Amino acid sequence: MSDAVDSNFEQVRTDKLKKIEALGLDPWGQRFDGHQPIGDIRKLPDDKPEGERPKVRAAGRIVQRRGQGKAFFIDIWDWTGKVQVMIGQKQVGDQGWELTQLFDLGDLIGVDGDFGKTRMGEPTIFVSKLTFLGKSLLPHPDKWGGMADIEFRLRHRYLDLVYSPETLDRTLRRIQIVRAIRTHLDKLGYVEVEGPTLHAIAGGAAARPFITHHNTLDIDLYLRIALELHLKRLLVGGIEKVYEIGRVFRNEGISPTHNPEFTMLELYQAYGNYETMMELTEKMVLAAIDAIGGEQKRPHGERTIDFAPPWDRKKYGDLFQQCTGKAIDDRAGVAAAAREIGLNTQNTDHDVLVHKLFEIKVEPYLETLDRPVFVHDYPAGLCPLTKRKAGQPGIAERFELYVLGMEVANAYTELNDPITQEQTFRQQLAGLAEEDSMAKMDADFVRALKHGMPPTGGLGVGIDRLAMLLTNTTTIRDVILFPLLRPEK
RNA sequence: GGAGGCGUAGCUCAGCUGGUAGAGCAACGGACUUUUAAUCCGUAGGUCAUGGGUUCGAAUCCCAUCGCCUUCACCA
């Protein structure tokens, strides 16, 4: 961006600001009570004859202007809609007319007038009184060109919200989705809590944390990578149905489906298991869909997702057999299939090998499905902190919800056995690479478990990804208002 | 982090195998009291991301740097 040119535009507008002051007006505006949402005004009858028209008061941003001699037609925008206002020289007086000459695209104004139609049939506020509410010193994008540059839109999200209707729409729908989830869970008797964001030990997931520092205590702290370990402490404390919707931070790559900070729902129900969570997940997502219009067949990019219940449930092992032709416990067959596609089978755990094959052979198949599918009953080796199925020590009670191949939810029958938990912590630590060595034994958490945690069903949902799927958005950066960007130089 | 692509006026974009930087909107000056693809006449606006190099001559070719996008890897 060229400073010389910017300051030129800015200078012109600053000069106008001074002229507005010279008119005795406040160029930054004052409290302006009682204005009606433009969307509401647009619903008023606009076919009344002059004299019987509804009186209205609106406030908004000037987004388009058409001068016509002694009359101006201006479109003002607020977050509920857009409406044309007509400003006539006779109607607003000398001061109002002089002010009108000083308007720029982007300025904020308030209008009082009555609502009707012009001769051309356009719903219009015929202004009797103008109030100046705020000057814009920098030029806004023009309405016709719009905002096409992705980087420009991300760095000027405030403009994107005004000039890209889909951005505002998507933002509001995401908010409705989250609110519907909260309402649904509250109705079921879950309570929402707020766990700490600064952790002495970043646990609950396999991810690299961000490091920060507390000055007075003089200790390094980590931004949380999961909500899990504190919510489980609350289960020990008797809070039986608990959830948190909150930001977690993972110091990893950025992609259309990954932002370094993102919003997770984690939920735990004492005396439940993963089946409890499957039922809950389906109902909760359907409640969210209801909140934003209710269509269960939803477009997503080139595809259509059909959320009509009941959603399919497929066993991990069955999918594996279907897509690889090998039984999941066929050690020789799995190894052979792995070698066939160039995987190193030396010193690799059988279950780990199975999952690599799953990613390569099964996930592409899951991407082809246009309905959500619960994949359940995972190999126990993949989820050490999950309870085993009764009588099947090789199978863990876990499911993941896949939609178009995207992992949206992950749920477990949680391990509440502190002895196994502690062993697993130790095994993980022993096998960690140098760069992951910030992971530590969470002795305090194990101590909590030793006081007795109920058998529990637990669920995690990536809220951003769910919002993507429900709002037909293909990049996570468009469901997050301020995704991480490198700072401008 | 690897590989590819992109970066021209405030915004949206042209600019061919190297030959004096363009348009529309926005802006500025003037005209017009009912306009709605966006009235008419005129004016101004650019270190072509940044820094090097090749060349008589670079927005255009080469190298490096910065930023964004796509993709792979890691994850949710």
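Per chain, numbering begins at 1; letters A, B, ... match sequence-line order. Only a predicted model underlies this, so the values are computations on that prediction, with no experimental measurement involved. Hydrogens, waters and symmetry mates play no part in the numbers below; they use all other heavy atoms, side chains included.
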* Using both distances under 3.5 Å as the test, list the Watson-Crick or G-U wobble partner of B:G7, or none. => B:C66

* **Distance between C1' atoms of B:U8 and B:U47 (Å, rounded)** => 12 Å

* Which part of the nucleic acid, if any, lies within reach of A:R65 when heavy atoms closer than 4.0 Å are counted: base, sugar-phosphate only, or nothing? -> sugar-phosphate

* Taking atom C1' in both B:G18 and B:C32, compute the distance separating them and give it to the nearest angstrom. => 48 Å

Could you run down the sub-3.5 Å N/O contacts of the protein with nucleotides 32-36 of chain B?
unit_1: B:C32; atom_1: N3; unit_2: A:G69; atom_2: N; d: 3.1
unit_1: B:U33; atom_1: OP2; unit_2: A:K70; atom_2: N; d: 3.3
unit_1: B:U33; atom_1: O4'; unit_2: A:K70; atom_2: N; d: 3.4
unit_1: B:U35; atom_1: O2; unit_2: A:R66; atom_2: NE; d: 2.5
unit_1: B:U35; atom_1: O2; unit_2: A:R66; atom_2: NH2; d: 3.3
unit_1: B:U35; atom_1: O2; unit_2: A:Q84; atom_2: OE1; d: 3.3
unit_1: B:U35; atom_1: N3; unit_2: A:Q84; atom_2: OE1; d: 2.8
unit_1: B:U35; atom_1: N3; unit_2: A:Q84; atom_2: NE2; d: 2.9
unit_1: B:U35; atom_1: O4; unit_2: A:Q84; atom_2: NE2; d: 2.4
unit_1: B:U35; atom_1: O4; unit_2: A:T118; atom_2: OG1; d: 2.8
unit_1: B:U36; atom_1: O4; unit_2: A:T118; atom_2: OG1; d: 3.0

* Checking all strands, does A:S255 fall into the base, sugar-phosphate, or nothing category for heavy-atom contacts under 4.0 angstrom? -> nothing

* Find out whether A:R174 and A:R170 are in side-chain contact, i.e. whether some heavy atom of one side chain is under 4.5 Å from a heavy atom of the other. => no

* To do: Pick base, sugar-phosphate or nothing for A:R155, based on heavy-atom distances below 4.0 Å to the nucleic acid.
  => sugar-phosphate

* Determine the contact category for A:K117: base if any of its heavy atoms lies under 4.0 Å from a base atom, sugar-phosphate if only primed atoms, P, OP1 or OP2 are that close, otherwise nothing. => nothing

* Asked: What integer number of Å spans the C1' atoms of B:U34 and B:G29?
  -> 25 Å

* Structure fact -> Ranking A:P256 and A:D149 by the position along RNA chain B of their nearest nucleotide, the one closer to 5' is A:D149

* Got a salt bridge between A:R65 and A:D107, using NZ or NE/NH1/NH2 to carboxylate O under 4.0 Å? -> no

* Please work out if A:D15 contacts a base, only the sugar-phosphate, or nothing of the nucleic acid, heavy-atom cut-off 4.0 Å. => nothing

